[in-house]
Number of protein chains: 2
Amino acid sequence: MVSMAALAETASLVGDPARANMLAALMDGRALTASELARAASVAPQTASGHLARLTEAGLLAMERQGRHRYHRLASPAVARMLEGIMAVAAEGRAVASPRPVVTGPRDRALRAARTCYDHLAGRLAVDLADALTARGHLEMSADGGSLTPEGLDFLRGLGIALEHGRAGRNGRVFCRPCLDWSERRPHVAGAVGAALCAHCFAQGWVRRIDGSRALQVTQGGRRDLRALFGIEAG
Amino acid sequence: MVSMAALAETASLVGDPARANMLAALMDGRALTASELARAASVAPQTASGHLARLTEAGLLAMERQGRHRYHRLASPAVARMLEGIMAVAAEGRAVASPRPVVTGPRDRALRAARTCYDHLAGRLAVDLADALTARGHLEMSADGGSLTPEGLDFLRGLGIALEHGRAGRNGRVFCRPCLDWSERRPHVAGAVGAALCAHCFAQGWVRRIDGSRALQVTQGGRRDLRALFGIEAG
DNA sequence: CCCACGCTTCGGGGCGCGCCGTAGCGTCGT
DNA sequence: ACGACGCTACGGCGCGCCCCGAAGCGTGGG
């Protein structure tokens with residue numbers, strides 16, 4: 001039974017604080033350089049280099065050279081889902097340990113409002129979006145799964161959102177993976193639909209990244225369009 | 001940002017071989033004693049005790065006393081999903097490292113055929129079941145989600161499978177969480193529907209546990225009924 | 001009542017690995 | 001071509017924690 005040893009091996013890679021910080025920094029789906037990741041983890045570049053080599057060899061990260069920089073990113077959606085799962089358990093354990101909501105730093109404010117989670121939106125913006133779509137009968141979600149309704153599919157296609165990949169079932173529905181929002185403790189839309197929504201928000205200029213953070217800022221046009229199209233007050 | 005430290009903390013709990021083996025042994029959803037877990041991890045009872053205390057305090061395990069035994073089990077479905085996620089990444093990484101299928105031990109044979117995965121069925125039996133339901137239009141699954149069709153819901157209810165919990169959406173569908181089968185590399189049914197199916201198989205005596213293993217044996221009656229009701233050849 | 005048993009606590013030994021010095025390689029600017 | 005820069009390879013230091021022996025507690029059985 002080789003998989004048990006593999007379980008410990010993989011988990012211990014995430015189990016080191018420096019590597020965990022690097023992985024967390026990559027959870028927004030971007031590709032970062034070794035130096036940036038070293039800063040994120042508060043370690044020297046040599047240390048980061050060693051960690052990155054191990055993570056890459058284990059298949060957690062993918063690396064591509066570009067000039068004298070080397071950009072590292074999560075190797076696959078499976079890695080992102082794994083990290084989500086670990087964070088969910090960590091949050092659950094914390095909640096038991098300390099009943100009151102743990103901290104709300106000043107910088108956290110922006111993160112809680114809107115951020116990316118690998119390839120989709122997260123934070124209050126994402127939860128509000130899911131709620132708005134649900135209220136209009138465009139989306140149905142439960143703990144075990146979710147889907148766009150035929151009306152929801154039409155609506156999003158009308159906005160110009162390409163959804164060819166996760167094509168609808170024989171009754172015009174397309175499944176959405178629910179992802180438990182880390183800060184809101186409620187599900188938002190992940191999977192192919194979530195990725196398409198997120199891509200569209202960036203393409204339309206509704207959101208943009210704040211400095212080098214994982215947090216997103218809703219632009220003025222974004223506020224206007226999100227209110228007009230989805231009826232949500234963002235930002 | 002407290003969650004990053006929590007990420008490393010939680011992951012490092014799984015990152016120790018002894019603890020990982022214990023958690024893997026509990027992945028079938030049963031509750032085991034400290035001694036059994038010590039044997040599973042090949043460590044002395046004192047060592048196991050310390051590990052179990054840490055896992056319990058962190059909220060990964062739940063413990064209940066019963067006489068002079070103490071039964072340990074996974075604390076929540078979230079923990080099971082986390083472990084699934086880590087194993088998926090581990091398998092993915094291995095697949096890259098060694099192209100040929102890693103090992104097929106004699107004991108693995110039974111595990112690959114049928115086993116439990118926390119609260120639902122896994123292995124070839126579970127994948128065949130999902131395929132059969134899909135072929136008959138009772139189930140639809142994709143990478144991002146799945147659901148019973150209204151016909152599928154009726155069919156299962158006709159068998160006496162209680163599905164009140166994950167009640168159907170406004171068009172008579174009930175979502176199923178897809179779970180990537182560890183040995184078959186294809187999705188089977190998890191979530192509330194998967195749990196109900198698994199419970200029904202046990203209740204009808206279609207399957208039973210082999211000795212103290214995670215593997216399941218399909219009974220003679222199980223083979224007959226599974227063929228008659230689902231059209232699958234099991235065992 | 002005493003022993004057997006399951007489990008836990010305490011203490012010390014040992015090994016692994018995370019860390020940063022220094023040094024070396026490849027790439028880009030001027 | 002030279003230096004700056006990003007990154008990587010090597011070596012030794014030091015901390016942490018995983019492990020088990022020995023001993024203590026609670027339960028169950030003879």
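We name chains A, B, ... by the order of the sequence lines, and we start the count at 1 in each one.
- A/T47 is linked by a side chain to side chain contact (heavy atoms under 4.5 Å, CB included) to A/V43, A/A44, A/H51, counting only residues two or more places apart in sequence or in another chain.
- Computed from coordinates, the A/E36 CD to D/dC5 P distance equals 16 Å when rounded to whole Å.
- Between B/L52 atom CG and C/dT8 atom P the separation is 7 Å, expressed in whole Å.
- The side chain to side chain contact (heavy atoms under 4.5 Å, CB included) check on A/A62 picks up A/R73, A/A75, with sequence neighbours excluded.
- For A/S76, the side chain to side chain contact (heavy atoms under 4.5 Å, CB included) partners are A/A78, A/V79, B/E92, not counting sequence neighbours.
- Atom-to-atom, CD of A/E57 to C1' of D/dA9 comes out at 15 Å; the value is rounded to the nearest Å.
- Every residue was checked against the side chain to side chain donor-acceptor pair (under 3.5 Å) condition with B/R223, not counting sequence neighbours, and none meets it.
- For A/D16, there are no side chain to side chain donor-acceptor pair (under 3.5 Å) partners two or more places apart in sequence or in a different chain.
- Applying the side chain to side chain donor-acceptor pair (under 3.5 Å) criterion to A/R124, with sequence neighbours excluded, gives no partner residue.
- Shown here are the side chain to side chain donor-acceptor pair (under 3.5 Å) partners of B/Q46, two or more places apart in sequence or in another chain: there are none.
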Contact pattern, 5' to 3', of nucleotides 14-23 of chain C - B, S or - by protein heavy atom under 4.0 Å: ----SSBBB-
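- Side-chain contact between A/L60 and A/R19: absent, with no pair of heavy atoms (C-beta onward) separated by less than 4.5 Å.
- Taking atom CG of residue B/L13 and atom P of nucleotide D/dC17, one finds them 11 Å apart after rounding to whole Å.
- Counting only residues at least two apart or on different chains, the ring pair (Phe, Tyr, Trp, His ring centres under 6.0 Å) pairs with a member in residues 187-209 of chain A are A/H120-A/H188, A/H200-A/W206.
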Under-3.5 Å N/O pairs linking protein and nucleotides 11-13 of chain D:
none

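- If you check residues 60-73 of chain A against DNA chain D, the residues with a heavy atom closer than 4.0 Å are A/R68, A/H69, A/R70, listed by number.
- Residues satisfying the side chain to side chain contact (heavy atoms under 4.5 Å, CB included) test with B/S42, not counting sequence neighbours, are none.
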